[in-house]
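Since the structure is predicted, the reported quantities are computational estimates derived from the model, not experimental observations. Order of appearance sets the numbers: ligands from 1, and atoms from 1 within every ligand.
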Amino acid sequence: MSLTAHVLTLFPEMFPGPLGVSLPGKALNAGLWHLQAHDIRAFATDRHRTVDDTPFGGGAGMVLRPDVLDAAIAATWPGDGPLIYLTPRGRPLDQAHVRELATQPSLTLLCGRYEGVDERVLEARGVHEISIGDYVLSGGELAALVLLDAVVRLLPGVLGTARSLDEESFEGGLLEYPHYTRPAVWQERAVPEVLISGHHQRVSDWRRAQAEAITQKRRPDLWARYTARRASLNGDCGS
Ligand SMILES: C[S@@+](CC[C@H](N)C(=O)[O-])C[C@H]1O[C@@H](n2cnc3c(N)ncnc32)[C@H](O)[C@@H]1O
């Protein structure tokens, strides 16, 4: 089963954009996933192709109309996967959520613009709301590209068998350990000796210790969750 992504946007020309190159682009060309960008404006009904209007209650900016969005959703959402609105007030995206999304047959992503979208269409359609971080973008397209990039690299066959995801940041609850390549000495900085020892267990222990130290220092929130999970696993084994 391969993923089909539908993107509802006022700027379909932004797709595939960066998803058309490198890993996601090769996977797209190989048919490991499919992408359809739908122009919301095509679902406007007046002769000016109006998609937005001023907010009830006053205030700056424009709001995307529910009738236009609903027609766009009705025509494009296959219904076999979630309908998602990218928005700063949504559930913050993390790797566990990305893994869940990567199991879906389809993802339909609604990209807002201006002040956002009329609330009623979100309620009526049971839309899931996802944020890519605590900052405000000018539109949902970059957020959709970020989400799809993260999802696509987890799809079967995309990374190939040589790459392991197990030790990447967030897998197992830790940030990743540091990497080194040739030359072994650069600007008088030598790579850690253990990495050229050829001793697999020592390398693996060193990497885990580094990952733990980096996580503890940089992300106390992840570290607290990791240690709590480890304690509960140890408790379970002991009982
Ligand atoms: C200028 S923003 C609207 C911001 C909105 N008025 C607010 O304060 O939450 C326009 C669109 O960009 C998208 N967007 C902005 N920041 C985002 C974020 N952090 N994550 C996901 N989508 C975002 C949403 O689709 C939003 O409708």
For residues Leu28 and Trp33, determine if any side-chain heavy atom of one lies less than 4.5 Å from a side-chain heavy atom of the other.
yes

Below 4.5 Å, heavy atoms only, C-beta onward: do Asp118 and Leu69 meet side chain to side chain?
no

[atom]: nearest protein contact (heavy atom, Å):
{"atom": "atom 4 (C) of ligand 1", "result": "Val136 CG1, 3.9 Å"}
{"atom": "atom 10 (C) of ligand 1", "result": "Tyr114 O, 3.3 Å"}
{"atom": "atom 21 (C) of ligand 1", "result": "Thr87 N, 3.3 Å"}
{"atom": "atom 19 (N) of ligand 1", "result": "Tyr135 O, 2.8 Å"}
{"atom": "atom 6 (N) of ligand 1", "result": "Glu115 O, 3.0 Å"}
{"atom": "atom 24 (C) of ligand 1", "result": "Leu86 O, 3.0 Å"}
{"atom": "atom 2 (S) of ligand 1", "result": "Leu137 O, 3.2 Å"}
{"atom": "atom 23 (C) of ligand 1", "result": "Pro88 CD, 3.7 Å"}

Should Arg89 be listed as contacting ligand 1, given a heavy-atom distance under 4.0 Å as the test?
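Arg89: no contact with ligand 1 (<4.0 Å).
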
Passes side chain to side chain contact (heavy atoms under 4.5 Å, CB included), Leu8 versus Ile73? Steps please.
CA-CA 8 Å; Leu8 280 72; Ile73 292 167; 3.9 Å; yes

Find the distance between CG (Leu147) and OG (Ser131) and round it off to the nearest 0.5 Å.
11.0 Å

In this structure, CG of Asp67 is separated from OG1 of Thr50 (nearest 0.5 Å) by 10.0 Å

Qualifying salt bridge (charged side-chain N to carboxylate O under 4.0 Å, His left out) pairs with a residue from residues 69-88, counting only residues at least two apart or across chains:
Asp70-Arg125

For ligand 1, does Tyr85 get within less than 4.0 Å through its side chain, its backbone, both, or neither, judged by non-hydrogen atoms?
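The side chain, only.
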
Ligand 1 contact on Ile132 by region, counting heavy-atom pairs under 4.0 Å:
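Near ligand 1, Ile132 shows its backbone as well as its side chain.
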
Which ring pair (Phe, Tyr, Trp, His ring centres under 6.0 Å) pairs, counting each pair once, include a residue from residues 213-234, with sequence neighbours left out?
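Every ring pair (Phe, Tyr, Trp, His ring centres under 6.0 Å) pair that includes a residue of residues 213-234, provided the two are not neighbours, is Trp223-Tyr226.
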
Test of understanding: clusters of I, L, V, M, F, W, Y form through side-chain heavy atoms closer than 4.5 Å, transitively. Do Phe170 and Val98 belong to the same one?
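Different clusters: Phe170 never reaches Val98 through Ile, Leu, Val, Met, Phe, Trp or Tyr contacts under 4.5 Å.
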
Derivation of the side-chain hydrogen bond (donor to acceptor under 3.5 Å, both in side chains) call for His34 and Ser2:
CA-CA 8 Å; His34 309 277; Ser2 60; 3.1 Å; yes

With a cut-off of 4.0 Å, which atoms of ligand 1 are near a heavy atom of [X]?
{"X": "Ser138", "result": "10 (C), 12 (O)"}
{"X": "Gly116", "result": "27 (O)"}
{"X": "Ala143", "result": "21 (C), 22 (N)"}

Between Ile130 and ligand 1, is there a nitrogen or oxygen pair with a distance under 3.5 Å?
no

Taking side-chain hydrogen bond (donor to acceptor under 3.5 Å, both in side chains) as the criterion, tell me which of Gln201, Arg208, Arg207 meets it with Asp205.
Gln201

